[in-house]
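Values reported hereafter were calculated over all heavy atoms of this structure, with side chains retained and with hydrogens, waters and symmetry mates removed. The first residue of the sequence shown is numbered 1, and numbering continues consecutively from there.
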Amino acid sequence: MNNSTSNKRQSNDFFWPSYVDLMTSLFVVMLVLFVYSFKLFKDREGELKKANGELKVKAAELEQITKIRNSLQQLEGRYFRYDPTNERHELLVPVQFKAGRDEIQDSYKPALLQAGRRLRTVLKSIKTDQPVRYLVIVEGMAARYPQGDPRNAREEQTTYQLSYRRALNLLNLWKQNGVNFSQDRSIELIIGGSGFYGTGRYSGRREGDNKRFLIQVIPKVGRF
């Protein structure tokens, strides 16, 4: 009887320390898992806050760009027409170049000067809550010869240079008469020539109307 009681007591003495050790180990494991889960939560929370902040910045920039585009509607009128399909402005001054020439005739210069002044005035008058810069692309174009004319293939490369020189002459005309976009740090002006190509070209009987200028204004909002 005494021996049985002694064995039972020894068994209890062995069980309870083991039970305590097991529970302690489980507590440590749960504590580690809790700390790890909490760290993951805080990391995820930080990522979400960062993403939310970036979205707010993008939303603010989009709002500014929308306001700028609406303000650019002031350009429409006598000198510019907005092309919603290609999201750009077409210079309405009916410039006609002599075939293969890049010189701007004197009869077109007054209207082209007024158009340049109007463009610069509108860009400078736009008020925004954030810093903004404008990328202004002046594109010269050229008209093709009648379909099947071998000069279309023979002069394809040279018309890129021709249309570029036409755009360059427009820029020089503006600069020589005080319309100097390079003086405005908020405006970056680029000239180019699309030759016989480019989107939104006239065709058929209106092929000759491709001897023209296109103006594209791209706002860039944010810190620089």
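- Applying the side-chain hydrogen bond (donor to acceptor under 3.5 Å, both in side chains) criterion to Arg205, with sequence neighbours excluded, gives no partner residue.
- Side-chain atoms of Asn169 come within 3.5 Å of backbone N or O of Asp102 as a donor-acceptor pair.
- With hydrogens and angles ignored, the 3.5 Å screen pairs a side-chain donor or acceptor of Asn177 with a backbone N or O of Leu173.
- No single ILVMFWY cluster, assembled from side-chain heavy atoms under 4.5 Å apart, contains both Val179 and Leu92.
- Under the 4.5 Å side-chain criterion, counting only non-hydrogen atoms from C-beta, Asp149 is in contact with Pro146.
- Note that OH of Tyr79 and CZ of Arg117 are 9.5 Å apart. Values are rounded to the nearest 0.5 Å.
- Within the 4.5 Å cutoff, side-chain heavy atoms of Ile104 are placed close to those of Leu112.
- Looking only at distances, a side-chain donor or acceptor of Ser163 sits under 3.5 Å from a matching main-chain atom of Gly195.
- Atom CD in Gln216 sits 13.0 Å away from atom CD in Glu90 (nearest 0.5 Å).
- The nearest pair of heavy atoms linking Val138 to Ala167 is O-CB, 3.8 Å.
- Under a cut-off of 6.0 angstrom, the local environment of CZ in Arg44 is sparse, with at most 12 non-hydrogen atoms contributed by other residues, nucleotides or ligands.
- Once rounded to the nearest 0.5 Å, the distance linking CZ of Arg133 with CD1 of Ile218 reads 13.0 Å.
- Of all heavy-atom pairs spanning Lys98 and Gln105, the tightest one is CG-NE2, 4.2 Å.
- Residues Phe181 and Leu168 share a hydrophobic cluster, clusters being chains of Ile/Leu/Val/Met/Phe/Trp/Tyr side chains in contact below 4.5 Å.
- Both Val93 and Val136 are assigned to one and the same hydrophobic cluster, defined by single-linkage of ILVMFWY side chains at heavy-atom distances under 4.5 Å.
- Residues Ile215 and Tyr134 share a hydrophobic cluster, clusters being chains of Ile/Leu/Val/Met/Phe/Trp/Tyr side chains in contact below 4.5 Å.
- Of the possible polar contacts, none joining the Arg165 side chain to the Gly140 backbone as a donor-acceptor pair under 3.5 Å is found.
- A salt bridge is absent between Glu103 and Arg166: the closest approach of a Lys/Arg side-chain nitrogen to an acidic carboxylate oxygen does not fall below 4.0 angstrom.
- Annotation: cation-pi pair Arg151/Tyr145 present, NZ/CZ under 6.0 Å from the ring centroid and within 45° of its normal.
- Note that the CG atom of Leu91 and the CZ atom of Arg118 stand 13.5 Å from one another [nearest 0.5 Å].
- Two residues are said to be in side-chain contact when any heavy atoms from C-beta on lie closer than 4.5 Å; Leu119 and Val217 meet this criterion.
- Distance check, rounded to the nearest 0.5 Å: CZ of Phe213 to CG of Leu171 gives 10.5 Å.
- Counting only distance, with no hydrogens or angles, the side chain of Arg101 and the backbone of Leu162 share no donor-acceptor pair below 3.5 Å.
- Here the side chain of Asn210 pairs a donor or acceptor atom with the backbone of Glu207 at under 3.5 angstrom.
- In this structure, a donor-acceptor pair under 3.5 Å is absent between the side chains of Glu155 and Asn152.
- Tyr197 and Tyr160 have parallel rings, their planes meeting at less than 30° on a 0 to 90° scale where 60° marks the start of perpendicular.
- For the atom pair CG (Asp209) and CZ (Arg201), the distance works out to 11.0 Å, reported to the nearest 0.5 Å.
- A heavy-atom distance below 4.5 Å is found between the side chains of Arg212 and Tyr202.
- The closest side-chain heavy-atom distance from Ser125 to Gln74 is below 4.5 Å.
- Taking every heavy atom of both residues into account, Ala143 and Phe196 meet most closely at O-CE2, 3.2 Å.
- Two different hydrophobic clusters hold Met141 and Tyr82 under the rule that ILVMFWY side chains link at heavy-atom gaps under 4.5 Å.
- Side-chain atoms of Arg120 and Leu123, non-hydrogen and from C-beta on, never get closer than 4.5 Å to each other.
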